[in-house]
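Side-chain atoms are counted along with the backbone in the values below, which use heavy atoms only and exclude waters and symmetry mates.
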Amino acid sequence: MDKSWMHSDRRSKAYEFGVEAFLNFAVENLLTTTHIRCPCVKCVNLKLFGVGIIRDHVYFNGIDQSYKNWTFHGEPWEATTNASRNVEEDDGHSRYSFVSEEIDMDDNDFGDFGSDPYEFANVIGDGDQPVYPGCRKYTKLSALVKLYNLKAKHGMSDVCFTELLILQGDLLPEGNTIPTSMYEAKKTLCALGLSYEKMHACPNDCILYRKEYEDSTNCPTCGISRWKEGKDSILKEGVPAKVVWYFPPIPRFKRMFQSHETAKSLTWHAA
């Protein structure tokens, strides 16, 4: 299907015909006109609306130009040809070793991309490109990790982050690889498999509020409340006093073993 209209002026006939063709395609494949993901630059396929509202959004906000494969609207996923290549550095270090930095993923709206080793390999291979021609300090992936860390650290909204990415792309030299939307950035980072769980904990580190303590409101050991106390000494029910982050090791081991060099280092003791 011709998608060149996505880059056309929103006032042009080409864009108008393209929008209608896209909506017809989505309705025919999803068999619904009431709950369709909106691909505009603000919603980036995170929100569901009827066809009429989506049409307005795509005209007023513009369509997310990075949404090249319409998988949310009935188009089959296109596997890339380099999916099976190994991801390793010439000096023996993993290309994704820098991703050990903390990334605060807000919501995983795109499923568990990290469970697919081929998808992971594609992301790493694609992310190994320089952020712009001639740049030696940052790759596409390392630059995106740095930018997303800033978003998480300062509580930046998804819309603000999308606009920052667009501005960053305009400021960098032509041919840069900075993603143009929150959708594209989040999809890339989710593929790394950096999942985590947040658990409520006793402020004195006595217990975790899970399993038999999941519904408890006070620590059975020290008796302190599970909830945070405000400045007026009133408990804010529902707001935990302490939260710990649990990073499941299995997905991380799977990711590490996907590099031949890293796997060799992890299994040196087996003989």
Side-chain angles (χ1 to χ4, degrees), residues 41-46 64-67 87-89 91 93-116 119-173 175-201 239-240 242-256 258-259 262:
V41 296
K42 289 188 176 181
C43 297
V44 289
N45 289 305
L46 299 180
D64 178 11
Q65 296 184 9
S66 68
Y67 184 43
V87 287
E88 58 187 48
E89 284 283 3
D91 61 0
H93 296 291
S94 169
R95 286 179 179 171
Y96 47 88
S97 59
F98 70 90
V99 187
S100 59
E101 300 175 57
E102 176 183 310
I103 301 180
D104 185 8
M105 298 300 289
D106 302 325
D107 301 296
N108 191 342
D109 295 296
F110 306 101
D112 184 13
F113 286 88
S115 63
D116 186 349
E119 178 68 13
F120 176 79
N122 289 337
V123 169
I124 296 300
D126 181 55
D128 197 43
Q129 306 173 51
V131 71
Y132 60 84
C135 178
R136 296 186 177 183
K137 187 173 183 179
Y138 288 104
T139 63
K140 174 184 176 181
L141 194 54
S142 64
L144 180 55
V145 168
K146 291 287 187 182
L147 288 170
Y148 203 94
N149 278 336
L150 286 177
K151 175 192 184 304
K153 182 178 180 180
H154 299 289
M156 196 182 302
S157 69
D158 288 358
V159 174
C160 180
F161 187 62
T162 294
E163 293 181 1
L164 174 64
L165 290 174
I166 294 173
L167 175 61
Q168 193 83 3
D170 289 340
L171 293 174
L172 291 176
N176 68 80
T177 56
I178 288 291
T180 57
S181 71
M182 179 63 198
Y183 166 78
E184 186 178 352
K186 205 166 191 179
K187 179 179 174 182
T188 299
L189 294 175
C190 284
L192 298 177
L194 297 175
S195 59
Y196 64 84
E197 298 175 28
K198 290 183 179 181
M199 302 178 185
H200 295 185
V239 180
K242 187 172 187 177
V243 176
V244 296
W245 291 24
Y246 170 65
F247 297 88
I250 299 303
R252 285 162 175 75
F253 280 131
K254 287 181 178 179
R255 189 179 68 230
M256 293 167 71
Q258 284 167 0
S259 166
T262 306

(request) Applying side-chain contact (heavy atoms from CB on, under 4.5 Å), name anything that partners I166, two or more places apart in sequence or on another chain. (result) T162, D170
(request) Would you please name every residue forming a side-chain contact (heavy atoms from CB on, under 4.5 Å) with P249, sequence neighbours left out? (result) Y246, F253
Heavy-atom closest pair, residues [X] and [Y]:
| X | Y | result |
| --- | --- | --- |
| P133 | G175 | CD-O, 3.7 Å |
| G169 | N176 | O-ND2, 2.9 Å |
| L165 | P179 | CB-O, 3.3 Å |

(request) For the residue pair V243 and H200, establish whether any side-chain heavy-atom pair is separated by less than 4.5 Å. (result) yes
(request) Ignoring hydrogens and angles, tell me if any N or O in the side chain of T177 forms a donor-acceptor pair with the backbone of P130 under 3.5 Å. (result) yes
(request) State which residues pass ring pair (Phe, Tyr, Trp, His ring centres under 6.0 Å) with F161; sequence neighbours excluded, sorted by chain then number. (result) Y148
Between [atom1] on residue [X] and [atom2] on residue [Y], distance to nearest 0.5 Å:
| X | Y | atom1 | atom2 | result |
| --- | --- | --- | --- | --- |
| Y138 | L172 | OH | CG | 11.5 Å |
| L150 | L164 | CG | CG | 8.0 Å |
| D158 | K42 | CG | NZ | 13.0 Å |

(message) Suppose we screen for side-chain hydrogen bond (donor to acceptor under 3.5 Å, both in side chains). Which residues come up paired with E163, at least two apart in sequence or across chains?
(response) none
(request) Identify, with sequence neighbours excluded, every residue that meets side-chain hydrogen bond (donor to acceptor under 3.5 Å, both in side chains) alongside S181. (result) D64, S66
(message) Looking at K242, I want to see if its NZ is surrounded by more than 12 non-hydrogen atoms of other residues, nucleotides or ligands under 6.0 Å.
(response) yes
